[in-house]
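We use all heavy atoms of the structure for the numbers below, so side chains are in, but hydrogens, waters and symmetry mates are not. Labels below follow one simple rule: chain letters A, B, ... track the order of the sequence lines, proteins then strands, and each chain is numbered from 1.
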Amino acid sequence: MNKWGDNKAWFLVIPVLVFVAFSAIIPLMTVINYSLQDILAPGKALFVGTEWYKKVLHDYRLHDALWRQFLFSALVLLIEMPLGILIALAMPKKGWGISFSLVTLALPLLIPWNTIGTIWMIFVRPDIGLFGAAINNLGVAFDHTRRPLDAWVTVILMEVWHWTPLVALLAYAGLRAIPEVYYQAAKIDGASSWKTFYYIQLPKMRGVLTIALLLRFMDSFLIYAEPFVLTGGGPGNTTTFLSIYLVKIAVLQMDLGPGGAFSLIYFLIVLLLSFIFYQVLQRVGKGEKV
Amino acid sequence: MKGKKKTIFLAIYFGLLFLPIYWMINMSLRTNADILGTLTLYPEDPTFRNYVKIFTDSSWYSGYINSIIYVTINTLISLTVALPAAYAFSRYQFVGDKQIFFWLLTNRMAPSAVFLIPFFQLYSTIGLMDTHIAVALAHCLFNVPLAVWILEGFMSGIPREIDETAFIDGYSLPRFFITIFIPLIRAGVGVTAFFCFMFSWVELLFARTLTVTNAKPISAVMTRTISATGLDWGLLATAGVLTIVPGALVIWFVRNHMAKGFALGRV
C-alpha cells in the first residue's frame with residue numbers, strides 16, 4: 001500500500017533523536033553503571049555484577065509495593081477510562097458550552113502535582129477539610145492518616161479527580177474528528193445511540209483512547225508527588241507505591257547501587273506492560289476495521 | 001443519554017470537579033488562624049493578605065516567572081522538533097521506524113526519581129545548572145516523545161491524497177508542510193502545545209533538582225516555604241490558586257483549536 005518507502009525520512013527524525021538521546025541515553029547509562037557497581041568513594045568503585053539486582057529482587061518491601069502499585073493502577077484505569085468516555089459523550093457539540101467544558105476539564109491537569117496533594121490534604125482533613133468534616137458528620141469515621149482503607153479511598157479519589165479530565169479531553173478530541181457524514185449515515189440507518197457508539201464512535205476513538213490508556217497506565221504506575229504529599233506513603237506502608245519506595249532508597253538513603261537496579265527493573269516492568277497494551281490495542285483495532 | 005440527562009450529569013461532574021478547587025480558594029482568602037479556628041463554607045472575613053505577600057515578595061513571584069520561561073522554551077522546542085518527526089512516522093516507512101517510535105515512548109516510562117542524580121551530574125558538567133534552558137531540556141525527555149506521539153495520531157487522520165495532490169501541483173515538502181499541512185492539523189498542534197505546557201508546568205522533581213536560585217520554579221518555592229514556616233495553609237492555598245492562572249490562560253487560547261476540531265475532507 002505504501003509506495004513512499006523512503007529512508008530520507010530519517011532526516012526528519014534526527015532532531016528528535018538528538019534531543020531525546022541527550023536527556024535519556026546518557027543518564028540511563030549512568031544508572032546502569034550504578035546498578036553494577038559499589039561506589040565506595042568518588043572515583044572509586046567496585047564492580048559487583050548482579051549483586052544489587054539479587055538484593056532488590058529479594059526485598060519483600062519491594063514486592064509489597066509492586067502489588068500495591070498494580071492494584072492502584074488497575075483500579076484507576078477501571079474508573080477513569082469509562083468515566084472519561086462518558087463525560088466526552090455528554091459534552092456539548094456546539095455553543096459556549098464547549099469552551100466552558102474544555103477550560104473546566106483542563107483545570108485539574110494544570111495544577112502542579114505537589115499542589116494536588118496539598119489540595120486534597122486540606123480537603124479531606126477531618127478538622128479543616130470540607131470532605132473529611134462532611135463524612136464525619138454523616139457518622140462515618142474517616143481519617144486518611146490512620147486508617148489504611150480511608151487512605152486508599154482518598155488517594156484513588158484524588159487520582160480520579162486529577163486525571164479523568166485527561167481521558168475526557170482526549171476522547172472528546174477523538175469524537176470531534178469524526179466527520180458529520182458518519183452520524184448522518186447512522187441516522188438514516190436508524191441506528192440506536194448505543195449502536196452509534198459501538199460501531200462508529202468507539203472504533204474512531206481507538207487512536208486517542210490508546211494514547212489515553214497508555215498515558216494513564218504509565219503515569220499512575222509512576223505516581224509520586226501526590227500521594228507523597230497527601231499520605232507520605234502511610235499509614236504504615238499502606239500507600240507506599242513504587243516511586244515513593246524508590247526515592248526512599250535512591251535519594252534519601254543514597255543507596256545508588258540498589259536504587260539503580262530497582263529503577264531498571266521498574267522501568268522494564270512499565271515497558272513490558274505498555275508494550276503488551278499497545279500490541280493488544282493495535283490488534284483489536286485491526287479486527288474492528290470494516 | 002438524552003440531552004437533558006447529559007446536562008445534569010455534566011453539571012454534577014463539574015460541580016464535584018470545582019469543589020476541591022473552591023475549597024482551596026476559600027482557604028486562600030483567610031488567615032491561618034481563621035482556617036484553623038472554625039470550619040466555614042465561605043470566607044466570612046475575606047482577606048487578600050496572602051495574595052499581597054506573594055505579589056510583593058520577589059522570592060515568591062520570580063518563581064512564577066521562572067516557571068513560565070522554561071515551560072515556554074520547552075513547548076517551543078518540543079513542537080519544532082516533533083512536527084517533522086511526526087510527519088515522517090505518519091507518512092513514510094523507513095528502516096527502524098516502528099522501533100524508534102516505540103523507543104521514543106519508552107522515555108516517558110522511565111521512573112524520574114533515579115534520573116535525578118545523573119541529570120544533576122550531566123548539567124553540572126556542561127555548565128547549564130540553574131538555567132531555564134536546563135529545565136527545558138530535561139523536560140524534553142518526556143515532552144518530545146509525547147508531542148511526536150500525539151501529532152502522529154492527528155496527522156494520520158489526514159488523508160494521504162492531500163499530500164499527493166499538493167506534490168503533483170508542484171509544492172515542495174517544506175512549503176506544503178508549512179502552508180497547507182500545519183494549518184490542517186492546527187487542532188492537533190494546539191492540543192500538543194497544551195499537553196507540553198501542562199506536563200512541563202506541573203513537573204516538580206527535575207525542575208527542583210536542576211535549579212538553585214536563578215531559575216527556581218514556583219512549585220519548588222512552595223515546598224521550601226512549607227518546610228520553613230511550618231504549615232501556613234492560607235499562603236500555601238494562595239500559591240496553589242496562582243499556579244492555576246497561567247495554565248488556565250493557555251487553555252483559554254487553545255480552546256478554539258480544540259473546539260473546532262478538524263475540518264476533515266472540507267479543504
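Taking all atoms of both residues into account, the shortest heavy-atom contact from B:Cys140 to A:Phe19 is SG-CD2, 4.1 Å. Nearest heavy atoms, B:Phe9 versus A:Ala90: CD2-CB, 3.8 Å. Of all heavy-atom pairs between B:Leu10 and A:Pro92, the closest is CD1-CD, 3.8 Å. Nearest heavy-atom pair, A:Trp161 versus B:Leu16, reported as atom, atom and distance to 0.1 Å: NE1-O, 3.7 Å. A pairwise comparison of heavy atoms in A:Ser23 and B:Leu141 identifies O-CD1, 3.4 Å as the closest pair. Nearest heavy atoms, A:Leu12 versus B:Pro84: CB-O, 3.5 Å.
Using a 4.5 Å cut-off between heavy atoms, B:Trp23 contacts chain A through its side chain alone, with no backbone atom that close. Of the two parts of A:Asn33, neither the backbone nor the side chain holds a non-hydrogen atom closer than 4.5 Å to a non-hydrogen atom of chain B. Both the backbone and the side chain of A:Leu271 come within contact range of chain B, judged by heavy atoms closer than 4.5 Å. For a residue to count as touching a neighbouring chain, one of its non-hydrogen atoms must lie under 4.5 Å from one of that chain's; by this rule A:Leu170 touches chain B with the side chain only. Looking at A:Phe22, both its backbone and its side chain come within 4.5 Å of chain B, counting heavy atoms on both sides. Heavy-atom distances place no part of A:Phe262 under 4.5 Å from chain B, backbone and side chain included. When heavy atoms are compared at a cutoff of 4.5 Å, A:Ile111 approaches chain B by way of both its backbone and its side chain. Of the two parts of A:Met29, neither the backbone nor the side chain holds a non-hydrogen atom closer than 4.5 Å to a non-hydrogen atom of chain B. Contact annotation for B:Leu17: both backbone and side-chain heavy atoms come within less than 4.5 Å of a heavy atom of chain A. Using a 4.5 Å cut-off between heavy atoms, A:Ile25 touches chain B through its side chain atoms alone. Contacts between A:Trp194 and chain B at a heavy-atom distance below 4.5 Å are absent for every atom of the residue. Using a 4.5 Å cut-off between heavy atoms, A:Ile116 makes no contact with chain B at all.
Using cut-offs of 30° and 60° on the angle between ring planes, the pair B:Phe18 and A:Phe100 is tilted.
A heavy-atom distance below 4.5 Å is not found between the side chains of A:Leu130 and B:Tyr22. Side-chain contact between B:Tyr13 and A:Leu86 is absent, with no heavy-atom pair separated by less than 4.5 Å.
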